[in-house]
Asker: 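Have a look at this one before I ask anything.
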Number of protein chains: 2
Amino acid sequence: MLHSMDLKTFEAKAGMVAGTLKAMGNGRRLMLLCKLVEHGEMTASDLAREVGLSQPACSQHLARMRDEGLVSYRRESQMLWYAIADPRVETLLALLYQLYCKD
Amino acid sequence: MLHSMDLKTFEAKAGMVAGTLKAMGNGRRLMLLCKLVEHGEMTASDLAREVGLSQPACSQHLARMRDEGLVSYRRESQMLWYAIADPRVETLLALLYQLYCKD
DNA sequence: CGCCTCCTTAAGCACTTGCTTATTTAGCAT
DNA sequence: ATGCTAAATAAGCAAGTGCTTAAGGAGGCG
């Protein structure tokens, strides 16, 4: 249980989980993740257009989420196809949808 | 479903959910929330001591989470007893524990 | 009242975030 | 090579974050 950890371990765990939440805790990034859940895989330019971001702004958000391990991509000629990399993130998004978006 | 929303509604929903994630997306605030789940109710000074924060820093984190509707408090003479205000946050924390902290 | 305790709020400051525009890299096609 | 498209990266800047110290409220007790 969480309360059986010493403070250092607790801090470390909390910091890591908070990193994930922080990476998800932005309106545009959350929209990108939702689109990826919906479509499975999308190109960077499609993602940018669908959530109303400029190409560089979108790329920076994707880079941030790559660094945090939330998304990954595969190259297909010029295009990069992005997808959610961590199943736990999909689980989280499913719960968020159920809690905040259902009905 | 999310993908049936128009962009404006999607933005608004995502922004609100992102607000909650952002409020949770900080190591110390996440620790505070965990402690509140664990103990049900705690005073501000107890919270500060348990997560290793100065008293003003802790108060500012609690204010932030109050503004976002995550926590609330009741006064008992000089002491303020804090608790988690939104059952959805407890549900989220339970999933986070299961996904990231179990074993 | 004065004084103490518990807690919040304010002010200041280094650091981070999220956009912009401009530039660069990578791949495909002339 | 040149040119074109898809995407990342860099630089710059306003706004937000998270601490610090210092100053205010709010309630109990002499």
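Owing to the predicted nature of the structure, the values given are computational and were not obtained by experimental measurement. Note on naming: letters A, B, ... go to the chains in the order of the sequence lines (proteins, then strands), and numbering restarts at 1 for each one.
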Asker: Under 4.0 Å, counting only non-hydrogen atoms across every strand here, what does B:S45 touch: a base, just sugar-phosphate, or nothing?
Answerer: sugar-phosphate

Asker: Taking 4.0 Å as the cut-off, does a side-chain nitrogen or oxygen of B:N26 come that near to OP1 or OP2 on D:dG18?
Answerer: yes

Asker: Could you tell me how far apart A:H61 (NE2) and D:dA8 (P) are, to the nearest whole angstrom?
Answerer: 13 Å

Asker: So if I take every side-chain heavy atom of A:Q60 and compare against C:dT20, C:dC6, C:dT17, which nucleotide ends up nearest?
Answerer: C:dT20

Asker: Checking contacts here: which listed nucleotide (D:dG18, D:dG27, D:dA7) is nearest the side-chain heavy atoms of B:R64?
Answerer: D:dG18

Asker: Please tell me which of the listed nucleotides, D:dT20, C:dC7, D:dG18, lies nearest to the side chain of B:A44?
Answerer: C:dC7

Asker: Assess whether salt bridge (charged side-chain N to carboxylate O under 4.0 Å, His left out) is satisfied between A:D6 and A:K8, documenting all intermediate values.
Answerer: CA-CA 6 Å; A:D6 61 298; A:K8 284 274 183 237; over 6 Å; no

Asker: Go through D:dA8, C:dC6, C:dG27 for me and flag the one nearest to the B:Q78 side chain.
Answerer: C:dC6

Asker: Closest-nucleotide mapping onto DNA chain C: is A:K22 or B:R75 further toward the 5' terminus? I mean the 5' end.
Answerer: B:R75

Asker: Considering only side-chain heavy atoms of A:R66, which listed nucleotide, C:dG27, D:dA8, D:dT20, is closest?
Answerer: D:dA8

Asker: Can a donor-acceptor pair be found between the side chains of B:Y82 and B:R66 at a distance below 3.5 Å?
Answerer: yes

Asker: Taking OP1 and OP2 of C:dT20, is either one under 4.0 Å from a side-chain nitrogen or oxygen of A:S54?
Answerer: yes

Asker: The side chain of A:A57 lies closest to which of these nucleotides: D:dC19, C:dC7, C:dT20?
Answerer: C:dT20

Asker: Counting distance alone, no hydrogens or angles: does the base of D:dA6 have a donor or acceptor under 3.5 Å from a partner atom on the side chain of A:Q55?
Answerer: no

Asker: Could you check whether any side-chain heavy atom of B:V71 comes within less than 4.5 Å of a side-chain heavy atom of B:L33, counting everything from C-beta outward?
Answerer: yes

Asker: Using a strict cut-off of less than 4.0 Å between a Lys/Arg side-chain nitrogen and an Asp/Glu carboxylate oxygen, indicate whether A:D46 and A:R49 qualify as a salt bridge.
Answerer: yes

Asker: Check whether any side-chain heavy atom of B:L47 sits under 4.5 Å from a side-chain heavy atom of B:L36, and report yes or no.
Answerer: yes

Asker: Measure from CG on B:D67 to P on D:dG18 and round the result to the nearest Å.
Answerer: 13 Å

Asker: Examine D:dG18: is either OP1 or OP2 under 4.0 Å from a nitrogen or oxygen in the side chain of B:R29? Give yes or no.
Answerer: yes

